[in-house]
Amino acid sequence: MRTTEERIADVRRLLAAAHAVHADRARIAPAIAASTELSPEGVELGFDSLEREATDAELRGLVAVAGDAPHVHVVLSANVFVAPLRALALARAASPSVSIRPSPRDPILTRALVVTARDPAIVLTDERGVSRIPPGEVHVYGRDATIAAVHAAVPSGVTVRGHGAGMGVAVVSHACDLQEAARALAGDVVAFDQRGCLSPRVAFVLGSSDRANVFARALGDALASWQERVPRGRLAGDELEAAARWRDVTPFAGSLHASPAYAVAVVPAFDAYLVPPPGRHVLVVPVPDAASAADLLAPLAQHVVAVGSDDPSTPAPPHARRSALGAMQRPPLDGPVDLRPSSGSVPRDA
């Protein structure tokens with residue numbers, strides 16, 4: 001069995017590969033823009049979230065949660081193009097033998113990392129089936145339906161660790177400067193055009209409705225400024241349809257500040273039905289205090305992966321990552337992005 005130091009060394013080799021790929025990103029950026037449909041500027045911004053550094057303490061945390069397996073097979077999704085680095089790091093920390101299947105829609109960075117790392121323990125595969133993988137674990141990133149399908153197909157004795165869909169939430173305290181908070185949150189929204197599970201879609205503003213409206217206008221202004229520097233990419237057909245429905249419905253519940261490239265809605269009371277789709281859309285809700293925001297989130301707690309706030313004492317669902325506004329897309333490399341209990345993490349019986 002490998003020691004903790006050996007596992008850390010294996011992960012550091014991946015970080016070195018990420019450094020090299022980042023330095024050479026201009027070579028693969030056009031292909032990433034084509035596969036993700038982010039704008040070229042959106043790809044450049046996304047590369048800021050590619051993990052290239054980690055402290056020993058963070059990597060020890062990664063090793064601690066990774067566990068131990070004779071083999072790990074990784075199945076990736078296409079929502080966030082920098083996600084393969086963390087997925088590879090978690091798998092390599094867990095096992096001396098890793099196979100990884102990139103998303104067929106977005107394989108560019110995965111292949112670049114594996115080729116650059118030159119780690120004989122990591123093998124790329126395009127095989128979509130999981131019925132013949134060796135004993136060990138499958139790490140699945142994607143929709144709950146994908147995780148369930150993999151769990152149903154793996155052989156006996158293989159453990160499935162699922163990292164499913166989720167979203168981020170922001171909480172703006174009584175004490176913060178609303179303009180500064182809006183500018184910080186806008187950066188979290190713009191990254192990856194809001195497709196990642198860390199991307200904030202709801203902002204609870206502590207205080208009055210007037211305060212929430214001031215914040216919403218400032219957020220709209222900040223998103224407009226981002227649009228000039230980092231244009232939104234192309235939304236898929238289903239994303240466009242969801243965005244159109246959301247823009248049509250929210251004015252009946254409150255007010256909408258919108259342009260073709262972003263939209264911010266303010267409603268007096270939170271309703272899960274009004275959580276917006278990806279594409280730079282944010283729902284702003286006034287609440288009297290942070291405890292009220294936590295109560296409103298309780299029915300959605302299993303979907304909340306990240307909570308960003310200017311106040312580190314803000315309550316959050318038990319498995320949500322906490323961060324400052326403006327840093328929600330760059331959590332430390334101390335474990336998976338999704339800290340919720342794995343979907344289907346019990347080995348499948350015969």
* Show the numbers, then the answer: is there a side-chain contact (heavy atoms from CB on, under 4.5 Å) between Ser131 and Val154? => CA-CA 5 Å; Ser131 61; Val154 296; over 6 Å; no

* Minimal non-hydrogen separation, Ala327 against Asp188, with atom names -> N-OD1, 3.4 Å

* Mind listing the closest non-hydrogen atom pair of Phe270 and Val285 along with its distance? => N-CG1, 3.7 Å

* pair Val172-Phe215: side-chain heavy atoms closer than 4.5 Å -> yes

* Asked: Could you go step by step and tell me if Arg60 and Thr4 meet the side-chain contact (heavy atoms from CB on, under 4.5 Å) rule?
  -> CA-CA 7 Å; Arg60 288 181 184 280; Thr4 295; 3.6 Å; yes

* Look only at the side chain of Ser95 and the backbone of Val98, and say whether a donor-acceptor pair between them is shorter than 3.5 Å. => no

* Asked: Should the pair Asp193-Arg280 be classified as a salt bridge under the 4.0 Å nitrogen-to-oxygen rule?
  -> yes

* Could you give the distance from CE (Met1) to CZ (Arg7), rounded to the nearest 0.5 Å? -> 6.5 Å

* Side chains of Leu45 and Phe192: closer than 4.5 Å at any heavy-atom pair? -> no

* Asked: So, do Val282 and Pro200 sit near enough that their side-chain heavy atoms are less than 4.5 Å apart?
  -> no

* Would a hydrophobic clustering, with Ile, Leu, Val, Met, Phe, Trp and Tyr connected at side-chain separations under 4.5 Å, put Val287 with Val171? -> yes

* Asked: Is Arg330 salt-bridged to Glu51, going by a charged N under 4.0 Å from an acidic O?
  -> no

* Asked: Is there a salt bridge (Lys or Arg N to Asp or Glu O under 4.0 Å) between Asp119 and Arg92 once you walk through the steps?
  -> CA-CA 10 Å; Asp119 185 343; Arg92 193 66 178 92; 2.7 Å; yes

* Interatomic spacing from CG in Asp310 to OG in Ser173 - rounded to 0.5 Å -> 3.5 Å

* **Pairwise distance CG(Leu219) to CZ(Arg183) - rounded to 0.5 angstrom** => 11.5 Å

* Asked: In Å and rounded to the nearest 0.5 Å, what is the CG to CG distance from Asn213 to Leu178?
  -> 11.0 Å

* Asked: Got a salt bridge between Arg27 and Asp24, using NZ or NE/NH1/NH2 to carboxylate O under 4.0 Å?
  -> yes

* Ignoring hydrogens and angles, state whether a donor on the side chain of Gln227 or Ser259 is under 3.5 Å from an acceptor on the partner side chain. => no

* Which pair of non-hydrogen atoms, one from Ala320 and one from Ala306, has the smallest distance, and what is that distance? -> CB-N, 4.2 Å

* Are Arg118 and Thr116 close enough, and set up right, to give a side-chain contact (heavy atoms from CB on, under 4.5 Å), and what steps lead you there? -> CA-CA 6 Å; Arg118 297 181 181 178; Thr116 304; over 6 Å; no

* Thr36 and Asp106 side chains, donor-acceptor separation under 3.5 Å -> no

* Are a donor atom and an acceptor atom from the side chains of Asp289 and Ser292 found within less than 3.5 Å of each other? -> yes

* To do: May I ask you to test the Phe47-Leu109 pair for a side-chain heavy-atom distance under 4.5 Å?
  => yes

* Does a side-chain N-to-carboxylate-O contact under 4.0 Å join Arg161 and Asp338? -> no

Validation: residues 11-19 side-chain donor-acceptor distances under 3.5 Å, sequence neighbours left out:
unit_1, atom_1, unit_2, atom_2, d
Arg12, NH1, Ala54, O, 3.2
Arg12, NH2, Ala54, O, 3.0
Arg12, NH2, Asp56, OD1, 2.9
Arg13, NH2, Asp10, OD1, 2.1
His19, NE2, Arg52, O, 3.1
His19, NE2, Glu53, OE2, 2.8

* Asked: Are Val202 and Leu223 joined in one hydrophobic group, where the rule is that I, L, V, M, F, W and Y side chains link up if heavy atoms are under 4.5 Å apart?
  -> no

* Structure fact -> The reported gap from CD in Gln329 to CD in Gln194 (rounded to nearest 0.5 angstrom) is 9.0 Å

* To do: Could you walk me through whether Arg132 and Glu127 pass salt bridge (Lys or Arg N to Asp or Glu O under 4.0 Å), step by step?
  => CA-CA 10 Å; Arg132 297 182 182 179; Glu127 174 59 47; over 6 Å; no

* Structure fact -> Ile147 and Gly142 have their tightest heavy-atom pair at CD1-O, 4.1 Å

* Identify which one of Thr159, Val75, Val74 satisfies the side-chain contact (heavy atoms from CB on, under 4.5 Å) criterion when paired with Val138. => Val75

* Within the distance-only criterion (no hydrogens, no angle test), does the side chain of Glu58 pair as donor or acceptor with the backbone N or O of Thr55 below 3.5 angstrom? -> yes

* In sequence, state the C-alpha distance, the side-chain angles, and the governing distance for Leu113 and Leu88, and then conclude on side-chain contact (heavy atoms from CB on, under 4.5 Å). => CA-CA 9 Å; Leu113 288 170; Leu88 278 167; 4.3 Å; yes

* Asked: Side chains of Pro96 and Arg2: does their closest heavy-atom pair fall under 4.5 Å?
  -> yes

* Asked: Any sub-3.5 Å donor-acceptor pair from Ser39's side-chain atoms to Gly42's backbone N or O?
  -> yes

* To do: Could you tell me which non-hydrogen atom of Pro278 sits nearest to which non-hydrogen atom of His281, and how far apart they are?
  => O-ND1, 3.1 Å

* **Arg229 and Glu41 ion-paired at < 4.0 Å** => no

* Asked: Do Ser313 and Asp311 get their side chains close enough for a donor-acceptor pair, meaning under 3.5 Å?
  -> yes

* Asked: Roughly how far, to the nearest 0.5 Å, is CD1 of Ile100 from CG of Leu76?
  -> 4.0 Å

* Sub-4.5 Å side-chain heavy-atom contact between Val214 and Arg211 -> no

* **Any donor-acceptor pair under 3.5 Å from His174 side chain to Pro288 backbone** => yes

* Within the side chain of Arg247, is there an N or O that forms a donor-acceptor pair under 3.5 Å with the backbone of Ala258? -> no

* Decide whether Val305 and Tyr141 are clustered together by the hydrophobic rule: side chain heavy atoms of Ile, Leu, Val, Met, Phe, Trp, Tyr closer than 4.5 Å, transitively. => no

* Side-chain (Arg322) to main-chain (Thr314) donor-acceptor, under 3.5 angstrom -> yes

* Asked: Checking side-chain contact (heavy atoms from CB on, under 4.5 Å) against Leu256, which of Asp248, Thr250, Val264, Val249 comes through?
  -> Thr250

* To do: Determine whether the side chains of Ser99 and His73 contain a donor N or O and an acceptor N or O closer than 3.5 Å.
  => yes

* May I ask whether Val63 and Val65 are part of the same hydrophobic cluster, defined by side-chain heavy atoms of I, L, V, M, F, W, Y residues being less than 4.5 angstrom apart, directly or through others? => yes

* Hey, is Arg195 close enough to Glu239 for a salt bridge, meaning N to O under 4.0 Å? -> yes

* Would you indicate whether the side-chain heavy atoms of Tyr262 and Val190 approach each other to under 4.5 Å? => no

* Are the side chain of Trp246 and the backbone of Leu274 linked by a donor-acceptor contact shorter than 3.5 Å? -> yes

* **For Gly207 against Pro286, the heavy-atom pair lying closest together** => O-CB, 3.9 Å

* **Linked, directly or transitively: Phe81 and Val230 (ILVMFWY side chains, under 4.5 Å)** => no

